[in-house]
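Here is the structure we will look at.
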Amino acid sequence: MNYDNVMQLALERGFYFPSCEIYADAQAGFWEYGPSGVSMKTKFIELWRRELVRRDGMLEIDGSQIMSKSVFEASGHLASFADPVVRCINCKLNFRVDKLIFEQTGIEIPESADLTDFDKTVSERNIRCPKCKGEFERARKFNMMFKVEIGPEAEAAYLRPETCQSIFVDFPRLFKTMRGKLPIGVAQIGKSFRNEISPRQSLLRLREFYQAEIEVFCNPNKLNDLDRFAEVQNTTIRLWINNELKAMTCQQAVDSEVLPNKFVAYYLGLLTEFYQKTGIDMTKSRFRRLGEKEKAFYATVAFDFEVQTATGWLELVACNYRSDYDLTSHATKSKEKFEVLDDEQKVLPHVFEISMGIDRSLYTILEHSLREEKEHDRIVLSLKPYLAPVHVGVLSLVKKDGLKEKTDEIFLKMKRKYDAFLDHSGAIGRRYRRLDEVGAPFAITIDHQTLEDQTVTLRKRDEMTQDRVKISEIDKILSESLAFP
RNA sequence: GCGGUGUUAGUCCAGCCUGGCAGGACGUCAGCUUCCCAAGCUGAAGGUCGCGGGUUCAAUUCCCGCACACCGCACCA
């Protein structure tokens, strides 16, 4: 299905919708999750916890969204998480100065260069505004972090542009108090904030968005010394190297040196197994190795996990080998010690990062799960049962003859344990269609026979088949069918 | 941020050219009917016509500005 189909489903069925939409000054790039969206997101996060955090024995934290200025001085975000721009004195339009210089002269200046380098080239080559031929003000940096002011003295602080900074900052305490031992993963789910110049396409590019980030701290001398690699050695991962797809097992990727070490291969394997369980079509996925110019300023090796969607290839996860960039920076700035003991040797850990975009992942799951069945005149969201916003619809075939009361009684017994949806009104077929659209894998219907023999019909979403089951068996059937894998 | 196209009920859209009571379909809700896959009948609710200004006796309609959305460019999880 295409982007518009997903968008319409999202708006009509309570998955997500624009923030502040009743007001004209609502800003782009902010979206709300509705009831269906929250329910699905909660379950997605539970799957992430199971498949990554618990499976690998990671520590999970929940850090502040507002962090002090020093954090971002150390991390490099104040200096580097910014685009160099110039503004025309005459018409006030802003331009990316590095792009402008390249377009007009062919000279390439890296975007991280000193502002004076840009000013020098602009004046030497007499670069003028493309729109009005006006001269430019001096170059400045447009930083993509949201600045906030703390307290009556308005001390500067920032909304975090990535969740991982608190993981780095907290590392010394976590390692000491949680009896840390390398390698160790620290995970966090939360919101990050980026002042994007042009947010677009709802959940795909937000100014306020959810990340699920994992930072694995490791001994850089032991990247091939990892017992648990055996768990994923036969897992097939899809790698996109030099414009070519190479599907191979993790073991083969290490042996052929397509991946640098077992450590990286292991986590790409875990991530693959996680996404397989989300219902995303893995034949439309790849880990793409980034070139030098594409990588973030802190990365030495980088793979993006990308998935093909109706909007093109979409980056869901950034996997960056950040080496000791972060810990060295924070150690230098804070004077805190970040070295730890590993086999009685002092070592400054390196960091491998798995930075997941939750919103984008949820969009992709929706797009890959949504289909139209013309022969049955219905739209079906074939979510994995354990990710469905509604687990089961509980329906009375008709309201009268005591069926409503019997239905209420059954619903009451289920509603704490399952996301059950009670519905008495309208034609039964219409109610099934509505449940199909929110991805409810099951519907149980109470009819006249129920009153005679204590059985109900259990309808399956994908097959549209119905079985008669005893009321006493419902719980067992549902708990098995809805369980996480 | 640039260029193009749009914005009217929950959704899709008509009305705008040529200013004069805010409409349709689907959906939702209630009742009747039916009794297992969007059937039918009756009724109802639902709108700052994106926001602000201007022209006019009168603006959803004409003019200006802005915001937002979509497509393309650039940037990113």
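Since this is a predicted model, take the numbers as computed values, not measurements. Naming: A, B, ... by sequence-line order, numbering from 1 per chain.
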>> Please report the distance separating the C1' of B/C76 from the corresponding atom of B/G10, rounded so that it comes out in whole Å.
In response: 33 Å

> What about A/Glu437: does its side chain form a donor-acceptor pair under 3.5 Å with the base of B/A38?
Replying inline: yes

>> Among B/C36, B/C37, B/A77, which nucleotide has an atom closest to any side-chain atom of A/Thr445?
In response: B/C36

>> Between A/Tyr210 and B/A77, is there a contact of a side-chain N or O with OP1 or OP2 at under 4.0 Å?
In response: no

>> Measuring only the P atom in each nucleotide, how far is B/C62 from B/U7? A whole number of Å is fine.
In response: 11 Å

> For the ring pair A/Phe217 and A/His350, is the centre-to-centre distance below 6.0 Å?
Replying inline: no

>> When both hydrogen-bonding distances must be under 3.5 Å and the geometry is Watson-Crick or G-U wobble, what is B/G19 paired with, if anything?
In response: none

>> Please give the distance between the C1' atoms of B/C68 and B/C57 as a whole number of Å.
In response: 34 Å

> Between the side-chain atoms of A/Arg360 and the base atoms of B/C76, is any donor-acceptor pair under 3.5 Å?
Replying inline: yes

>> If we check side-chain contact (heavy atoms from CB on, under 4.5 Å) with A/Glu215, which of these qualifies: A/Ile354, A/Ile167, A/Leu327?
In response: A/Ile167

>> Using the side-chain heavy atoms of A/Asp377, tell me which of these nucleotides is nearest: B/U11, B/C70, B/A38.
In response: B/A38

> Could you state the CG-P distance from A/Leu11 to B/U28, rounded to the nearest angstrom?
Replying inline: 17 Å

> Does A/Trp31 or A/Asp304 map to a spot on RNA chain B nearer the 5' end, using the closest nucleotide for each?
Replying inline: A/Trp31

>> I'd like the C1' distance from B/G46 over to B/A9, given in whole Å.
In response: 6 Å

>> Under a 3.5 Å cut-off for both contacts, is B/C49 paired Watson-Crick or G-U wobble with anything, and if yes, with which nucleotide?
In response: none

> If you measure from the Lys or Arg side-chain nitrogens to the Asp or Glu carboxylate oxygens, is any gap between A/Asp419 and A/Lys43 under 4.0 Å?
Replying inline: yes

> If you measure from the P atom in B/C29 to the same atom in B/C71, how many Å do you get, rounded?
Replying inline: 32 Å

>> Looking at the base of B/C37, is there any donor atom on it, or on the side chain of A/Arg431, that sits under 3.5 Å from an acceptor on the other one?
In response: no

> OP1 or OP2 of B/G27 less than 4.0 angstrom from a side-chain nitrogen or oxygen of A/Arg13, does that happen here?
Replying inline: no

>> At less than 3.5 Å, do the side-chain atoms of A/Arg194 and the base atoms of B/C76 form a donor-acceptor pair?
In response: no

>> Once you apply a heavy-atom cut-off of 4.0 Å, does A/Glu213 come out as touching a base, just sugar-phosphate, or nothing?
In response: nothing

> Which one is paired to B/C29, where only Watson-Crick or G-U wobble pairs with both distances under 3.5 angstrom count?
Replying inline: B/G43

>> Check this for me: A/Asn242, atom CG, are more than 12 non-hydrogen atoms of other residues, nucleotides or ligands nearer than 6.0 Å?
In response: no

>> Within the 4.0 Å heavy-atom criterion, would you say A/Ser202 contacts the bases, only the backbone, or no part of the nucleic acid?
In response: sugar-phosphate

> Between A/Arg434 and B/C37, is there a side-chain N or O to OP1/OP2 distance below 4.0 Å?
Replying inline: no

> Does a sphere of radius 6.0 Å around NZ in A/Lys147 hold more than 12 heavy atoms from other residues, nucleotides or ligands, not counting ones at 6.0 Å or beyond?
Replying inline: no

> Counting only Watson-Crick or G-U wobble pairs whose two distances fall under 3.5 Å, which nucleotide matches B/G6?
Replying inline: B/C68

> Taking the side chain of A/Met464 as heavy atoms from C-beta outward, which of B/A77, B/A30, B/C37 is closest to it?
Replying inline: B/C37

> If you check the A/Ile428 side chain, which of B/C29, B/C36, B/G27 turns out closest?
Replying inline: B/C36

> Considering every strand shown, what is the Watson-Crick or G-U wobble mate of B/A74 when both distances are under 3.5 Å?
Replying inline: none

> Are the side chain of A/Tyr432 and the backbone of A/Arg461 linked by a donor-acceptor contact shorter than 3.5 Å?
Replying inline: no

>> When the C1' atoms of B/U18 and B/A74 are compared, how many Å lie between them, rounded to an integer?
In response: 43 Å

>> Please pick, from B/U11, B/A39, B/C29, the nucleotide with the shortest atom-to-atom distance to any side-chain atom of A/Ala427.
In response: B/A39

> C1' atom, B/G15 versus B/A59: distance in rounded Å?
Replying inline: 14 Å

> Between B/A77, B/C36, B/C12, which nucleotide has the shortest distance from any of its atoms to the side chain of A/Phe209?
Replying inline: B/A77

>> So if I take every side-chain heavy atom of A/Leu206 and compare against B/A38, B/A77, B/U11, which nucleotide ends up nearest?
In response: B/A77

> Given B/A77, B/G27, B/G31, which nucleotide is nearest the side-chain atoms of A/Lys399?
Replying inline: B/G31

> For B/C62, what is the paired nucleotide under Watson-Crick or G-U wobble rules, both distances under 3.5 Å?
Replying inline: B/G54

> Toward the 5' end of RNA chain B, which comes first, A/Glu315 or A/Thr465, by nearest nucleotide?
Replying inline: A/Thr465

>> Using the C1' atom as the point on both nucleotides, what is the distance between B/U60 and B/C21, in whole Å?
In response: 13 Å

>> Closest approach to the side chain of A/Ala28, judged atom by atom: which nucleotide of B/A77, B/U11, B/C68 is it?
In response: B/C68

> Can you tell which of B/A38, B/C36, B/G10 lies closest to the side chain of A/Asp447?
Replying inline: B/C36

> If you take atom types as modelled and just measure distance, does the side chain of A/Tyr432 reach the base of B/C36 with a donor-acceptor pair under 3.5 Å?
Replying inline: yes

>> Rounded to whole Å, please give me the gap between CD1 in A/Ile379 and P in B/C26.
In response: 16 Å

> Does a side-chain N-to-carboxylate-O contact under 4.0 Å join A/Arg55 and A/Glu273?
Replying inline: yes

>> Under 3.5 Å for both donor-acceptor distances, Watson-Crick or wobble: does B/C12 have a partner, and if so which one?
In response: B/G24

>> Please report whether the ring centroid of A/Phe287 lies less than 6.0 Å from that of A/Phe305.
In response: yes

